[in-house]
Amino acid sequence: MATEFSHEANQSPATAERRAEILANPGFGDYFSDHMVTIDWEGDYKTGGTWYDARVHPYGPLTLDPASAVFHYGQEIFEGIKGYRHADGSVWTFRPEKNAARFANSARRLSLPELPAETFIESLRELVKADEAWVPTGDGEAFYFRPFMIATEAYLGVRPAKHVQYHVIGSPAGNYFGTPEPVDIWLSTTYARAGEGGTGAAKCGGNYAASMIAQTEGEKHGCKQVIFKDPHRGDAIEELGGMNVFFIFGKENKIVTPELTGTILEGVTRSSLIQLAKDRGMTVEERAITLTEWREGVANGDITEIFACGTAAVVAPIGKLKAEDFEIPAPTEHFGEISKSLREELVGIQTGVVEDRHGWMTRLI
Ligand SMILES: *Cc1c(COP(=O)(O)O)cnc(C)c1O
C-alpha cells in the first residue's frame, strides 16, 4: 500500500538569491534543502510494529529526549543516494531498490525495523518534489539524499527501541573531483573498521565512528583516506572507511575487488562497476587480494590502476599506499585510463547521456 505523506511547507525557505549562491558552489554536505521527510515507527522488535505519520516538513533541528536510545547505544543506520538532473529537467535516481534493500539489511543487523522499499523510494520522491529547485544542473553535480533511522525511545535499558524515527535530508552536491588525481592512502595496522560477526556489512554510524581514529592517524601522514585490512585473514585488504576498492590488471584486462566476506559493505557503485566491467569483456574477480600481491603487482607492472568507489566520489584513483613502516608506490601518476572510462560510463548512465541498458534508473520527478 502506498504511504500517504502529509505536507507542511517551509514558511521561510532560503531566498532564490541564497539558493543560487549555494548552488553555484555546493561543495559536499555543507548545505541542506528547505524540507525533510520524517516517518515514525512504534512497535516491538520481536512482534513487529507500524510506520505512521509520514510527513514532508521544514528542514530543522530535531527535538529528542536526552534519554533517546540512539544517544546511548548507537542504534542508527543510514544511506547515501543521489538524484540526477537530466537534460529535459527530469530528476532520476540510481538503483534505489539496492539502497532500500541494503537499508533493510542494515536495519535487521542493528535491531531496527525494516522500512518497506516502496516507502524508501517514495520518501526520496516526496523530498525532491518539495525541493526540486535544489537539484543542481551542473556537470557532475547531484542532489545527495541522506536517509537515516534512529532509535528515539527514551529508555536506558539495553534492548531494541520501541520508538524509532526515519528521516531523509537532502543536500546539493558538487562535482566531488573535477579531474581527479590519485590520492595517497593510509593503511591502518593498529585499528580495524569491522570484525567477523560485527557490523561491517551494515551501513551504520558506529562503523564510521570507529574508523575516524585511523583517519586522524592517516592525516598525520598526509593521507585523507584510510584502507583497512581483514584482521582475520592475514594481510588481505578490505575497503576504505567509506568506499570499496578495485585493482586493475591492465595487461590481463582484469579487475579485482575484495570478495564480500561479511565485514565489507556491499556498495551499489561496486556492484555496478562489476557489471560494467563484465559488459566490456573484462575478467572480474571477487577474491582476497593481499598486501603482498599489491606490492608485487605494482612493482612488476601487473597492477596498472587502483581506485576507490562510492556514491559520493563515484571513482577516485588511489596513488601511494603508506603505512607505519613501508610504502607501496602509485601504479600510475594520473587518473588511469580504464578507471576514468568506467567512471565516465557510470556517470553517463546516471546523468542520462549513456544508454541505461540494465534498467538501473528510476525517475523521481
Ligand atoms: C556507503 C559505503 C560504501 C559505498 O557504497 P555505495 O553504495 O557505492 O555508495 C563503501 N563502503 C562503506 C563502508 C560504506 O559505508
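The model shown is predicted, which means the values in this text are computed figures rather than measured ones. The figures that follow rest on heavy atoms only: side chains count, while hydrogens, waters and symmetry mates do not. In this chain, residues are counted from 1 in sequence order. Just so you know, ligand 1 is whichever comes first in the structure, and atom 1 is the first atom listed for that ligand.
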Undergrad: Please check if the side chain of R193 supplies one atom and the backbone of T263 the other of a donor-acceptor pair under 3.5 Å.
TA: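 Such a contact is found between R193 side chain and T263 backbone.
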Undergrad: Between F28 and Y144, does the ring centre distance come in under 6.0 Å?
TA: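 Close enough - the centres of the two rings lie under 6.0 Å apart.
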Undergrad: For atom CG of L156, decide whether the heavy atoms of other residues, nucleotides or ligands shown that lie under 6.0 angstrom number more than 12.
TA: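 Counting neighbours around CG of L156, more than 12 heavy atoms of other residues, nucleotides or ligands fall under 6.0 Å, so yes.
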Undergrad: Please work out which of C204, G310, G242, S106 has its closest non-hydrogen atom nearest to atom 3 (C) of ligand 1.
TA: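 Answer by nearest heavy atom: G242.
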Undergrad: Any idea which atoms of ligand 1 are less than 4.0 Å away from a heavy-atom of M243?
TA: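 Those of ligand 1 that fall under 4.0 Å from M243 are 10 (C), 11 (N).
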Undergrad: For ligand 1, is G241 a contact, meaning one of its heavy atoms is under 4.0 Å away?
TA: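 Within the 4.0 Å threshold, so yes.
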Undergrad: Check for a donor-acceptor pair, side chain of S111 on one end and backbone N or O of A107 on the other, with a separation under 3.5 Å.
TA: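 It does not hold such a pair.
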Undergrad: Which residue supplies the protein heavy atom nearest to atom 14 (C) of ligand 1, what is that atom called, and how far is it?
TA: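 The closest one turns out to be K203 NZ, 3.0 Å.
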Undergrad: Output yes when the distance from some N or O of ligand 1 to some N or O of T311 is under 3.5 Å, and no in every other case.
TA: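 Yes.
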Undergrad: Which of the numbered atoms in ligand 1 are below 4.0 angstrom from a heavy atom of R193?
TA: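 Those atoms are 13 (C).
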Undergrad: Would you say the rings of F307 and F335 are close, in the sense that their centroids are separated by under 6.0 Å?
TA: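 Not under 6.0 Å, so no.
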Undergrad: Counting distance only, does the side-chain N/O of E239 pair as donor-acceptor with the main-chain N or O of I264 below 3.5 Å?
TA: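 Side chain of E239 to backbone of I264, a donor-acceptor pair under 3.5 Å: no, none is there.
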Undergrad: If you measure from the Lys or Arg side-chain nitrogens to the Asp or Glu carboxylate oxygens, is any gap between E217 and K220 under 4.0 Å?
TA: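 Salt bridge: no.
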Undergrad: Are any of the N or O atoms of E266 closer than 3.5 Å to those of ligand 1?
TA: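 No.
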Undergrad: Please list the nearest protein heavy atom to atom 11 (N) of ligand 1 with its residue and the distance rounded to 0.1 Å.
TA: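 Among all protein heavy atoms, the one nearest atom 11 (N) of ligand 1 is E239 OE1, 2.6 Å.
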Undergrad: What protein heavy atom lies closest to atom 8 (O) of ligand 1? Include the residue and the distance to one decimal.
TA: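 For atom 8 (O) of ligand 1, the nearest protein heavy atom is T269 OG1, 2.6 Å.
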Undergrad: Is ligand 1 less than 4.0 angstrom away from at least one heavy atom of R102?
TA: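 True for this residue.
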Undergrad: Of the protein's non-hydrogen atoms, which lies at the shortest distance from atom 5 (O) of ligand 1, and what is that distance?
TA: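 The answer is G267 CA, 3.3 Å.
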Undergrad: May I ask whether E79 has any heavy atom positioned less than 4.0 angstrom from an atom of ligand 1?
TA: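 E79 does not count as a contact of ligand 1 under the 4.0 Å cut-off.
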Undergrad: Looking at CD1 of I365 and CZ of R125, how far apart are the two atoms once the value is rounded to the nearest 0.5 Å?
TA: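 The CZ atom of R125 is 9.5 Å from CD1 of I365, to the nearest 0.5 Å.
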Undergrad: Quick check: are there more than 12 heavy atoms from other residues, nucleotides or ligands sitting under 6.0 Å from CD of E337?
TA: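 It does not: E337 CD has 12 such atoms or fewer within range.
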Undergrad: Is it the case that ligand 1 has an N or O less than 3.5 angstrom from some N or O of Y208?
TA: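 There is such a contact, yes.
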Undergrad: Just to be sure I read this right, does ligand 1 sit under 4.0 Å from the backbone of K98, its side chain, both, or neither, counting only heavy atoms?
TA: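 None of K98 does.
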